[in-house]
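Owing to the predicted nature of the structure, the values given are computational and were not obtained by experimental measurement.
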Amino acid sequence: MRTLLTVCRAATVALCVTLAACSTTQPTAYSGLASSQQLRANERDATGRIPYEYKSDTDWGKYAAVTIDPVVIYRGSDNQFDDISEQDKAHLAKSMKARFTEKLQTRFRVVPGAGEEVLRIKLTLTGAKANTAVLSTLSRFDLLGGPYNAVQAVRGKEGALTGSVSFAVEIYDAPTNKLLGAYVSKQYPNAWNLKAGMGAMSASEAGIENGADQLVAYLQ
């Protein structure tokens with residue numbers, strides 16, 4: 001009996017190590033972005049959700065409105081789409097435009113074009129990973145995945161077999177087209193968010209929601 005428990009504990013540890021290795025892919029300073037040369041490793045971000053950033057000394061408070069470009073699907077060779085269909089990419093891009101517009105409206109007027117005191121927001125969808133069918137939900141409860149997900153939830157890290165979304169945000173002064181800020185981000189739901197584990201793209205959708213909130217906070 002003791003031998004069996006030892007084997008089970010060893011298997012749990014091994015699985016957790018494997019799961020951690022499977023969920024550590026981080027965005028890069030994507031070479032095809034206009035801001036790629038300005039982006040630098042973000043040492044101030046302990047969460048790993050904004051690993052690269054460029055931020056000028058800008059008073060965001062002086063801007064009263066934003067204009068939001070159509071979301072771009074990144075086509076560079078360093079993209080991080082993990083077997084995501086073109087249809088799903090288009091769906092996520094459409095969702096990004098809607099969610100980011102909705103959230104930004106809580107802080108700014110959303111206008112159709114450039115003008116004084118207007119920021120231009122360019123969003124680029126750079127990667128996504130789907131939930132692993134069925135297993136992403138079951139892993140919350142089984143004896144091996146459960147403890148791993150509990151730890152990940154506390155740490156604010158990715159859950160086992162759970163999807164994610166990666167994107168870039170570039171912020172310009174609309175009248176001058178001067179780059180004021182930029183970052184790349186990877187977003188995913190809390191490891192215990194059961195609803196986000198139900199559909200293939202549910203975790204990516206939840207990540208988009210988180211990312212929209214993140215941008216509003218960034219512009220405070």
Under the side chain to side chain contact (heavy atoms under 4.5 Å, CB included) test, residues paired with Arg107 that sit two or more places apart: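 Scan of Arg107 (side chain to side chain contact (heavy atoms under 4.5 Å, CB included), adjacent residues dropped) gives Trp60, Val216, Gln220.
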Examine distances only and state if a side-chain atom of Ser85 and a backbone atom of Asp88 form a donor-acceptor pair shorter than 3.5 Å.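 Such a contact is found between Ser85 side chain and Asp88 backbone.
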Checking Arg120, Lys122, Lys97 against Asp69 for side chain to side chain donor-acceptor pair (under 3.5 Å), the one that qualifies is Arg120
Taking salt bridge (Lys or Arg N to Asp or Glu O under 4.0 Å) as the definition, give me every residue that meets it alongside Glu53, ordered by chain and number, with sequence neighbours left out. Arg44
If the condition is salt bridge (Lys or Arg N to Asp or Glu O under 4.0 Å), which residues does Asp213 pass it with, not counting sequence neighbours?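 Salt bridge (Lys or Arg N to Asp or Glu O under 4.0 Å) list for Asp213, sorted by chain: Lys103.
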Is [Y] close to [X] at the side-chain level, that is, under 4.5 Å between some pair of heavy atoms?
X      : Y      : value
Leu123 : Val169 : yes
Ile171 : Thr58  : no
Ile73  : Asn79  : no
Ser166 : Val184 : no
Lys94  : His91  : no
Tyr63  : Asp173 : yes

Report the residue from Tyr74, Tyr52, Tyr183 that forms a ring-ring contact (aromatic ring centres under 6.0 Å, His included) with Tyr30. Tyr74
Within 45 degrees of the ring normal and closer than 6.0 Å to the centroid, is that where the cationic atom of Arg49 sits relative to Tyr188?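 Because its charged atom sits under 6.0 Å from the ring centre and within 45° of the axis, Arg49 does stack over Tyr188.
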Before you tell me yes or no, could you show the steps for Phe108 and Leu119 under side-chain contact (heavy atoms from CB on, under 4.5 Å), namely the whole-Å CA-CA distance, both residues' side-chain angles and the distance that decides it to 0.1 Å? CA-CA 9 Å; Phe108 301 95; Leu119 292 171; 4.1 Å; yes
To the nearest 0.5 Å, how far apart are [atom1] in [X] and [atom2] in [Y]?
X      : Y      : atom1 : atom2 : value
Thr101 : Met96  : OG1   : CE    : 10.0 Å
Glu209 : Phe100 : CD    : CZ    : 9.5 Å
Ile50  : Gln187 : CD1   : CD    : 7.5 Å
Thr28  : Asp78  : OG1   : CG    : 4.5 Å
Leu33  : Thr124 : CG    : OG1   : 5.5 Å

